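Notes for the one structure printed next.
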2 protein chains.
Amino acid sequence: MARAAGVSIKTVSNVVNDYPYVRASTRERVLQAIADLDYHPNLSARGLRSGKTGVIGLAIPELRQNYFAELADSIIRAAGEYDLDVLIDQTGPTRRGEMAVLSGTRLRRTDGIIFSPERLGPEDIPLLRVAFPLVLLGERIFGGPTDHITMHNVESARAGTEHLIGIGRRRIAVIGADPHSTDATGSASLRLRGYRAALAAAGLPYDPALIRPAAPWHRENGAAAMRRLLEERPDFDAAFTLNDTLGLGALRALGEAGVHVPDDVAVLGFDNIDEDRFSVPSLSSVEPGREQIAKVAVDVMVARIKEKGDVQPPRQFLADYRIVARESTGFREPSLPSDAIGPLRE
Amino acid sequence: MARAAGVSIKTVSNVVNDYPYVRASTRERVLQAIADLDYHPNLSARGLRSGKTGVIGLAIPELRQNYFAELADSIIRAAGEYDLDVLIDQTGPTRRGEMAVLSGTRLRRTDGIIFSPERLGPEDIPLLRVAFPLVLLGERIFGGPTDHITMHNVESARAGTEHLIGIGRRRIAVIGADPHSTDATGSASLRLRGYRAALAAAGLPYDPALIRPAAPWHRENGAAAMRRLLEERPDFDAAFTLNDTLGLGALRALGEAGVHVPDDVAVLGFDNIDEDRFSVPSLSSVEPGREQIAKVAVDVMVARIKEKGDVQPPRQFLADYRIVARESTGFREPSLPSDAIGPLRE
DNA sequence: GTGAAAGCGCTAACAG
DNA sequence: CTGTTAGCGCTTTCAC
């Protein structure tokens with residue numbers, strides 16, 4: 001310990017913690033000793049004393065889904081701004097895995113958890129009353145007791161559908177939603193609602209036979225759904241796949257079937273993952289504001305961690321979205337520069 | 001604290017730590033109290049006392065490179081078997097970022113670091129003498145003082161090249177290596193060496209003009225390198241891209257140019273990422289044994305963390321590889337089931 | 001401005 | 001088998 005070594009005693013702590021009332025010369029001396037001895041404060045001890053770990057948890061379904069890898073990347077960068085480390089928990093594709101996050105048995109060494117659930121729904125709101133700061137991502141659970149960062153699912157899906165209508169498509173299939181689902185809050189339902197709104201506004205009929213479930217939203221399921229669609233009802237001229245991996249799988253199936261994209265069938269995805277720009281053809285997509293979401297999630301988390309006794313009411317944020325038109329809907333370049341990211345609306 | 005609550009005193013610690021000499025009835029009582037009170041040991045306190053954090057660090061260039069996301073996924077799963085959490089540090093594309101890992105200033109709350117460097121080389125061996133358990137992934141640094149899990153870069157690249165030769169290709173381009181590089185230990189150099197060995201064994205000439213650098217190994221750089229190749233020397237019938245993202249970029253460029261894969265040009269990648277199965281055409285690849293690598297890396301790390309005074313000499317492991325033939329080299333199905341993963345050779 | 005002392009919750013060493 | 005005691009290294013009063 002630098003105490004004896006330097007010269008002074010636990011003024012070290014003051015210096016390390018930027019306590020202002022330390023004489024400049026003393027501070028200087030301590031800093032020098034710290035450097036000389038290559039001293040590093042013991043973080044476990046600090047954690048024990050302060051009750052904080054300096055780590056936030058990120059609970060996502062799976063890192064190998066590109067969207068979540070990109071989200072994790074963004075969250076880690078955002079957390080780094082606050083000198084926070086990020087512990088990643090993969091909940092897997094089950095409700096059980098997601099409930100485990102809320103039980104507090106996982107991700108114990110964290111000051112709070114940023115959680116992107118895929119299975120939990122409004123019926124799980126009681127579970128959200130947890131003893132640690134919890135920031136929810138996505139839109140499965142509205143009106144809960146936690147902070148919540150969400151996307152414009154309905155509006156952006158509507159805009160996406162309008163993009164397809166705008167290039168002359170009239171029979172637009174949807175892959176990734178169950179037309180008979182009773183779930184009203186999942187991303188699938190919300191995006192489907194946006195789709196229907198666009199159809200209605202354009203005076204186009206809604207045909208449930210064009211709506212195809214595919215879960216989880218993996219490439220293989222997008223490919224499988226598209227194959228079935230092609231077999232059963234080849235009379236569609238566009239597909240709105242509710243995420244990009246579904247869309248990439250669908251492109252694959254269309255390619256195998258010799259269907260030309262976008263001439264025969266246009267395809268629009270959702271998430272705007274890196275890969276979209278390099279598929280053949282490149283995949284048009286809805287950019288949901290991932291960078292913003294990550295940044296705001298971390299900001300909100302930090303505020304909650306700092307919070308003393310006076311607990312603020314839960315807040316909700318909505319990220320900006322935009323449509324990125326590429327070859328799969330007949331364009332060559334993104335319609336907007338990819339760094340067009342503004343502040344988040346509350 | 002459950003002490004007062006239950007009935008007994010710090011027998012709790014014994015119970016929690018599975019100390020064997022506790023009467024069954026006592027243990028039972030304590031366990032009950034723990035459950036009743038929803039007691040959780042304070043991990044910071046335990047960490048302070050034991051000197052361990054229960055967390056391992058994973059330092060990789062970037063999570064949004066699919067290979068590293070999949071690697072992180074595998075490492076997190078493997079670490080979960082030991083109840084270890086994983087903290088991810090993204091070093092970025094710079095030497096500086098990688099050196100920061102070794103300086104010990106990052107990833108401080110961990111018991112050890114699994115590190116996959118991309119920039120460091122043999123000249124950095126002195127830096128590897130660090131005060132914490134360090135397990136190296138990849139092959140940039142041989143003969144260092146740390147445990148090291150590596151791939152059969154030379155052999156697998158040779159086998160991959162032989163695969164291309166086996167389907168009748170004679171002028172095989174390489175994307176991702178600099179023919180004039182003096183680096184002898186990077187993945188690129190090693191894989192290039194395997195390529196040359198295969199050429200030599202088949203009596204084929206080596207043409208440096210077919211070897212194209214592309215760094216970092218991102219899709220856009222694979223696409224750019226392929227475009228240049230097509231402009232400058234269209235007389236090649238195959239491309240061995242030194243990772244899959246380069247390969248996917250190359251497929252994209254070939255598609256744009258109207259070159260048919262595999263009839264005109266066959267393409268082989270490296271890493272066997274999930275995406276390979278869904279590109280159009282699907283991408284043949286070298287499977288480098290990622291699952292094995294992750295599992296062994298964690299096993300070795302755990303052994304190092306447990307190690308007392310008697311330090312074992314550093315160990316080196318080699319993962320198994322295999323060629324997965326898909327459409328880009330004229331096949332339809334993987335040549336081997338993807339779960340054919342054996343034990344790791346030392 | 002700086003020093004002394006207490007204690008965060010746990011584990012380990014030692015008695016009993 | 002179980003209780004007592006002493007720190008792990010830090011932050012935080014509270015004196016001086």
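The model shown is predicted, which means the values in this text are computed figures rather than measured ones. Note on naming: letters A, B, ... go to the chains in the order of the sequence lines (proteins, then strands), and numbering restarts at 1 for each one.
Comparing A:S50 and B:A24 by the nucleotide of DNA chain D whose heavy atom lies nearest to each, the residue mapping closer to the 5' end is B:A24.
Distance CG (B:L48) to C1' (C:dA12): 13 Å, rounded to an integer number of Å. For the pair A:R49 CZ and D:dG9 C1', the computed distance is 11 Å after rounding to whole Å. Between the CG atom of B:N42 and the P atom of D:dC10 there is a distance of 16 Å, rounded to whole Å. Put simply, CD1 on B:I34 is 13 Å from C1' on C:dC10, counting in whole angstrom units. Taking atom CZ of B:R23 as the reference point, atom C1' of D:dT2 lies 9 Å away to the nearest angstrom. In this structure, CZ of A:R29 is placed 8 Å from P of C:dT2, rounded to the nearest angstrom. Taking atom CZ of B:R109 as the reference point, atom P of D:dG9 lies 17 Å away to the nearest angstrom. In this structure, the CG atom of A:N14 is 13 Å from the C1' atom of D:dC14, given to the nearest Å.
The list of side chain to side chain donor-acceptor pair (under 3.5 Å) pairs with a residue in residues 43-56 of chain A, not counting sequence neighbours, reads A:T53-A:D111.
Residues satisfying the side chain to side chain contact (heavy atoms under 4.5 Å, CB included) test with A:P93, not counting sequence neighbours, are A:R119. Taking A:A72 as the reference, A:L58, A:L63, A:I88, B:L63 meet the side chain to side chain contact (heavy atoms under 4.5 Å, CB included) condition, with sequence neighbours excluded. Residues satisfying the side chain to side chain donor-acceptor pair (under 3.5 Å) test with B:D73, not counting sequence neighbours, are A:Q90, B:R77. With sequence neighbours excluded, the residues satisfying side chain to side chain contact (heavy atoms under 4.5 Å, CB included) with B:P133 are B:M301, B:R304, B:I305.
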- Message: Wobble G-U and Watson-Crick pairs count when both distances are under 3.5 Å; given that, what is the 5' to 3' dot-bracket string of DNA chain C, with | for pairing to other strands?
- Response: ||||||||||||||||
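Judged by distance alone, with hydrogens and angles left aside, B:R46 brings no side-chain donor or acceptor close enough to the base of C:dG9 to form a pair under 3.5 Å.
Side-chain nitrogen and oxygen atoms of A:S13 include at least one within less than 4.0 Å of the OP1 or OP2 phosphate oxygen of D:dT11. Remark: A:T26 is in phosphate contact with C:dT2, judged by side-chain N or O atoms under 4.0 Å from OP1 or OP2. Between B:S44 and C:dC8 there is no side-chain polar atom (N or O) within less than 4.0 angstrom of OP1 or OP2.
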- Task: Any chance you could lay out the side chain to side chain donor-acceptor pair (under 3.5 Å) test for A:N66 and A:E70, step after step, and finish with the verdict?
- Result: CA-CA 6 Å; A:N66 306 42; A:E70 295 182 15; 5.3 Å; no
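In B:R106, the CZ atom is not crowded: 12 or fewer heavy atoms of neighbouring residues, nucleotides or ligands sit closer than 6.0 Å.
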